[in-house]
Amino acid sequence: MAETIVALASGVGRAGVAVIRLSGPSVRFGLETIAGSVPQPRRAALRRLKDPGNGEVLDEALVLFFPGPASFTGEDVAELQVHGGRAIIAGVIAALTALPGFRLAERGEFTRRAVANNRMDLTSAEGIASLVEAETSSQRRQALRQAGGALERAAMAWRQRLAGLLALMEAEIDFPDEEDVPALFHSVRSGAEALLAEIEMALRGARSGERLREGAVMVIAGPPNAGKSTLLNALARRDVAIVSPIAGTTRDTLEVHLDLGGYPVTLIDTAGLRETNDVVEVIGVERARASLDRADLVIWLEAGDARADPPELPAPLLRVLTKQDDGQDPPPHTLPVGFELGLSARNGAGMPALLARLEQAARKALESGETALVTRERHRRELETVTAHLATVQAADEATPVEFVAEDLRLAVRAIGRLTGRVDIDEIYDVIFREFCIGK
């Protein structure tokens, strides 16, 4: 018999209210023991919680009961909304886990039970995890689509169509002398071609979907003493990097995570790019060049009359003239040729214009990721497996053994099953039975 699990569902630490969740076959018993009775389903009731060991009152709490299977986990579920003091939380959890058949939940176990009980698929569970981790509004919107089953619905539709194609090939294997066998073969190839096009279209947005979860990368680069660390501190609104007039102060890359217009950005400060014999600074320059290779935008800074042409870069370049400390936003026509912005990180001149450009760059790099179906590397790899097998089916001809085509379709179905967390091949044979046995 499954155990009943207990865990704090709200954040750790002191708060006005904390939520303790229970799930499993003994939830009713637990509520009767600690709260005196089970409230009506889905209706909050005020209950005095008592320790069954000594009768001590632990707290007054709102208690909700969600009978399975129409609950988050598919089992009986209860939530206790207690006061958020640490002693109260510890006392209530200790009283519950002392009951027979109760234990503390493992990490992610409520969601795992929901997947096991078919209350959601694996992609929706990942969406919930992303929702919890979301730090910006764009990440929240992406996670809500995933948790709401956007990829699950597409994957299940693809799987159903694959099952139909596999059913046709199984029919060709079982009834090779039927007159319509060649027509079945061409129908399978046509169906595989249409599916391949759809899944490849979904995969084209995969990189943007993954990158929205990770954030755009913007690198502050330039020669030594150009004001890179000062700019990092100004954008972060705190002292992240050491600033000094000594060239080569920054020896390593420093990262700050920002929310720019609702999009996540990792801003990287780098060592000044120059030739040097200092062993430590050489390492810093090498790391700076490595950061440039993975940037979505390079903010290239130069100060005063010193000029240092930027290296050839794969990423877009925003060339900025720094240390314009007269307190005025430099008009673009007054800047030297090649510079797009001038600013002073010390007094704020030019900073609004820079922030607008950075937000624009973040939106351009990540906006399409909000509606992407594929948001994780795992999703992409499984769907790439599907497309590889579908491409093999599409390339088959009448000389190809039908068993080989059927096996490719079967492997494609399994990959979709791994994507959603549902890998039972018996479902496919249920389709075959319905297609070719019912009514015959």
Side-chain angles (χ1 to χ4, degrees), residues 10-11 108 111 120-155 198-220 231-232 234-238 240 253-269 291-299 314-318 340-341 351-384 419-420:
S10 52
T111 303
M120 66 177 67
D121 84 325
L122 188 54
T123 63
S124 296
E126 289 170 327
I128 291 175
S130 295
L131 197 56
V132 172
E133 296 169 357
E135 296 181 347
T136 67
S137 57
S138 59
Q139 290 174 320
R140 169 180 52 81
R141 288 190 290 268
Q142 183 196 67
L144 278 171
R145 289 187 74 251
Q146 197 72 269
L151 180 56
E152 176 187 9
R153 289 188 292 272
E198 285 186 29
I199 298 175
E200 284 181 336
M201 180 176 294
L203 281 171
R204 280 196 285 273
R207 296 294 183 182
S208 61
E210 292 176 46
R211 287 176 62 243
L212 178 56
R213 292 183 62 248
E214 299 164 359
V217 176
M218 298 185 183
V219 177
I220 304 174
L231 179 59
L232 179 76
L235 291 171
R237 298 184 180 180
R238 57 190 174 93
V240 179
T253 57
L254 297 174
E255 296 188 4
V256 171
H257 298 283
L258 303 177
D259 180 342
L260 293 181
Y263 293 95
V265 170
T266 299
L267 189 66
I268 303 177
D269 179 27
S291 297
L292 293 173
D293 291 337
R294 65 187 183 97
D296 294 292
L297 175 71
V298 175
I299 309 165
L317 183 79
L318 177 61
E340 299 181 56
L341 292 173
M351 289 296 289
L354 175 64
L355 281 169
R357 290 293 299 272
L358 299 187
E359 288 183 15
Q360 181 183 18
R363 184 178 297 106
K364 182 178 180 180
L366 301 176
E367 188 173 30
S368 61
E370 290 187 41
T371 56
L373 281 176
V374 180
T375 61
R376 292 175 180 262
E377 181 184 3
R378 189 187 72 81
H379 303 164
R380 174 168 49 82
R381 291 191 181 280
E382 296 296 358
L383 289 178
E384 285 173 346
L419 172 64
T420 61

Next item on the list: Looking only at non-hydrogen atoms, find the nearest pair between Leu122 and Leu419 and report the distance.
Entry: CB-O, 4.0 Å
Next item on the list: Taking all non-hydrogen atoms of both residues into account, name the closest pair between Ala372 and Gly205 and its distance.
Entry: CB-O, 3.4 Å
Checklist line | Value rounded to 0.5 Å, distance of CG in Leu358 from CG in Leu235 | finding: 6.5 Å
Next item on the list: Ignoring hydrogens and angles, tell me if any N or O in the side chain of Arg380 forms a donor-acceptor pair with the backbone of Glu210 under 3.5 Å.
Entry: no
Check: Can you tell me how far OG1 of Thr136 sits from CZ of Arg141, rounded to the nearest 0.5 angstrom?
Finding: 7.5 Å
Next item on the list: Apply side-chain contact (heavy atoms from CB on, under 4.5 Å) to Asp259 and Glu135, showing your working.
Entry: CA-CA 8 Å; Asp259 180 342; Glu135 296 181 347; over 6 Å; no
Item checked: Arg294 and Glu214 ion-paired at < 4.0 Å -> no
Margin query: If you compare all heavy atoms of Leu366 against all heavy atoms of Pro264, which two are closest, and at what distance to 0.1 Å?
Written below: CD1-O, 3.4 Å
Next item on the list: Look up atom CZ in Arg211 and atom OG in Ser368, then write down how far apart they are to the nearest 0.5 Å.
Entry: 8.0 Å
Checklist line | Distance (rounded to the nearest 0.5 Å) between Glu126 CD and Asp121 CG | finding: 8.5 Å
Notebook entry, point to check: Of all residues at least two apart in sequence or in a different chain, which pass the side chain to side chain contact (heavy atoms under 4.5 Å, CB included) check with Gln146?
Noted result: Thr123, Leu151, Thr375, His379
Note to self: side-chain contact (heavy atoms from CB on, under 4.5 Å), that's the test. Do Glu359 and Tyr263 meet it? Break it down for me.
What the structure shows: CA-CA 8 Å; Glu359 288 183 15; Tyr263 293 95; over 6 Å; no
Next item on the list: Please assess Met201 against Arg204 for the test side-chain contact (heavy atoms from CB on, under 4.5 Å), listing each intermediate value before the final yes or no.
Entry: CA-CA 5 Å; Met201 180 176 294; Arg204 280 196 285 273; 3.5 Å; yes
Checklist line | Heavy-atom check, side chain of Leu318 versus side chain of Leu354, under 4.5 Å | finding: yes
Margin query: Checking the side chain of Thr420 only, and the main-chain atoms of Glu152 only, is there a donor and an acceptor separated by less than 3.5 Å?
Written below: no
Notebook entry, point to check: What's the shortest heavy-atom distance between Ala202 and Val374, and which atoms?
Noted result: O-CG2, 3.9 Å
Margin query: So which atom in Gly149 and which in Ser124 form the shortest heavy-atom distance, rounded to 0.1 Å?
Written below: CA-OG, 3.6 Å
Notebook entry, point to check: CG of Asp296 to NZ of Lys364: how many Å apart, nearest 0.5 Å?
Noted result: 11.0 Å
Margin query: Rounded to the nearest 0.5 Å, what separates atom CG in Leu383 from atom CG in Leu373?
Written below: 9.0 Å
Check: Between Met218 and Leu258, is a side-chain contact (heavy atoms from CB on, under 4.5 Å) present by the stated rule, with each step listed?
Finding: CA-CA 10 Å; Met218 298 185 183; Leu258 303 177; over 6 Å; no
Notebook entry, point to check: Is the backbone of Arg213 close enough, under 3.5 Å, to the side chain of Gln139 for a donor and an acceptor to pair up by distance?
Noted result: yes
Next item on the list: Grab the two heavy atoms, one from Gln142 and one from Gly369, that are nearest each other, plus how far apart they are.
Entry: NE2-O, 3.0 Å
Next item on the list: Answer yes or no: is there a side-chain heavy-atom contact under 4.5 Å between Arg381 and Arg378?
Entry: no
